Chemist: 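Take this structure, written in structure tokens, and hold onto it; I'll ask about it next.
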Amino acid sequence: MKHGLFIENCTNCQITIDSKFKSLQLNKCENVVLTVKSCVSGVELMNSKGLTVVIKEKTPSVSVDKCDKVNLLLNETNMETDIVSCRASELNVSV
């Protein structure tokens with residue numbers, strides 16, 4: 001798996017990734033709905049506001065850094081996901 005994704009400066013959009021990938025970094029985004037299938041390494045959310053992240057399959061870790069109003073939606077296959085947050089306000093995790 002060689003695909004690392006970097007998404008930056010998105011506003012008021014919906015992003016769907018239907019294939020498995022290595023890692024994802026989302027930076028400086030606002031009011032974004034991100035739907036991902038599966039990630040090998042981890043998902044990093046940085047410097048963003050109003051994010052909704054839906055993870056459909058297994059992902060080992062989610063990191064939230066300097067974000068406001070983040071909703072993280074996981075399912076039963078993601079019960080072992082490590083969630084790390086730093087300087088984040090309103091981080092909601094739903095299973």
Side-chain angles (χ1 to χ4, degrees):
M1 192 62 46
K2 297 180 181 180
H3 301 291
L5 305 170
F6 182 75
I7 301 169
E8 186 173 45
N9 294 324
C10 292
T11 304
N12 299 324
C13 63
Q14 181 172 353
I15 301 166
T16 303
I17 302 166
D18 285 332
S19 60
K20 193 173 186 176
F21 55 91
K22 182 179 175 184
S23 64
L24 172 81
Q25 293 179 335
L26 189 128
N27 189 24
K28 298 178 185 174
C29 295
E30 190 170 337
N31 298 325
V32 172
V33 177
L34 174 66
T35 305
V36 298
K37 181 179 179 180
S38 180
C39 179
V40 174
S41 177
V43 174
E44 289 184 60
L45 310 172
M46 303 169 291
N47 305 312
S48 300
K49 287 189 227 179
L51 300 178
T52 300
V53 180
V54 180
I55 300 175
K56 295 179 181 178
E57 294 179 10
K58 190 164 175 76
T59 297
S61 69
V62 176
S63 173
V64 181
D65 187 17
K66 297 183 199 172
C67 292
D68 297 325
K69 300 178 184 176
V70 177
N71 292 313
L72 182 60
L73 305 170
L74 306 173
N75 59 21
E76 293 174 1
T77 61
N78 291 314
M79 295 301 289
E80 296 179 9
T81 299
D82 293 329
I83 301 169
V84 178
S85 67
C86 177
R87 292 185 277 178
S89 67
E90 295 184 50
L91 173 60
N92 298 311
V93 180
S94 301
V95 178

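Just so you know, these numbers use all the heavy atoms, side chains as well, and skip hydrogens, waters and symmetry mates. Predicted model only: the values in this text are computed from it and were never measured.
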Chemist: Tell me, please, which residues at least two apart from E90 pass side-chain hydrogen bond (donor to acceptor under 3.5 Å, both in side chains).
Modeler: none

Chemist: Drop me the distance from L91's CG to C86's SG, to the nearest 0.5 angstrom.
Modeler: 12.0 Å

Chemist: How many angstroms lie between CD in E57 and CG in N78, if you round to the nearest 0.5 Å?
Modeler: 9.0 Å

Chemist: Rounded to the nearest 0.5 Å, what separates atom CG in L51 from atom CE in M46?
Modeler: 11.0 Å

Chemist: Test your reading of the model: is there a side-chain donor-acceptor pair from N31 to the backbone of T11, 3.5 Å cut-off?
Modeler: no

Chemist: Does K69, at its NZ atom, have more than 12 non-hydrogen atoms belonging to other residues, nucleotides or ligands within less than 6.0 Å?
Modeler: no

Chemist: Can you get from V33 to V53 by hopping between Ile, Leu, Val, Met, Phe, Trp and Tyr side chains that sit under 4.5 Å apart?
Modeler: no

Chemist: Kindly indicate whether the side chain of H3, heavy atoms from C-beta on, has any atom under 4.5 Å from the side chain of K20.
Modeler: no

Chemist: State, yes or no, whether a side-chain contact exists between I7 and V32 at a heavy-atom distance under 4.5 Å.
Modeler: no

Chemist: Check whether any side-chain heavy atom of L72 sits under 4.5 Å from a side-chain heavy atom of I55, and report yes or no.
Modeler: yes

Chemist: Using side-chain heavy atoms (C-beta onward) and a distance below 4.5 Å, is I17 in contact with L24?
Modeler: yes

Chemist: Answer yes or no: is there a donor N or O on one side and an acceptor on the other, between the side chain of S94 and the main chain of L73, under 3.5 Å?
Modeler: no

Chemist: Just by distance, do the side chain of S48 and the backbone of C29 share a donor-acceptor pair under 3.5 Å?
Modeler: yes

Chemist: Minimum heavy-atom separation for S23 and S41, please, with both atom names.
Modeler: CB-CB, 4.2 Å

Chemist: Please tell me whether V62 and V54 are part of a single hydrophobic cluster in this structure, the criterion being side-chain heavy atoms less than 4.5 Å apart.
Modeler: no

Chemist: Measuring from atom OG1 of T77 to atom NZ of K56, what distance do you get when rounded to the nearest 0.5 angstrom?
Modeler: 12.0 Å

Chemist: Check for a donor-acceptor pair, side chain of T81 on one end and backbone N or O of T59 on the other, with a separation under 3.5 Å.
Modeler: yes

Chemist: Is the closest side-chain heavy-atom distance between I83 and S85 below 4.5 Å?
Modeler: no

Chemist: Flag the pair V93 / L74 as yes when at least one side-chain heavy-atom distance between them is below 4.5 Å, and no otherwise.
Modeler: yes

Chemist: If I take atom CD from residue E80 and atom OG from residue S61, how far apart are they, to the nearest 0.5 angstrom?
Modeler: 13.0 Å

Chemist: Quick one: CG on N47 to NZ on K66, what's the gap to the nearest 0.5 Å?
Modeler: 5.5 Å

Chemist: Under the criterion side chain to side chain contact (heavy atoms under 4.5 Å, CB included), I'd like the reasoning laid out for D65 against E44: C-alpha separation, chi angles, the key distance, then a yes or no.
Modeler: CA-CA 8 Å; D65 187 17; E44 289 184 60; over 6 Å; no

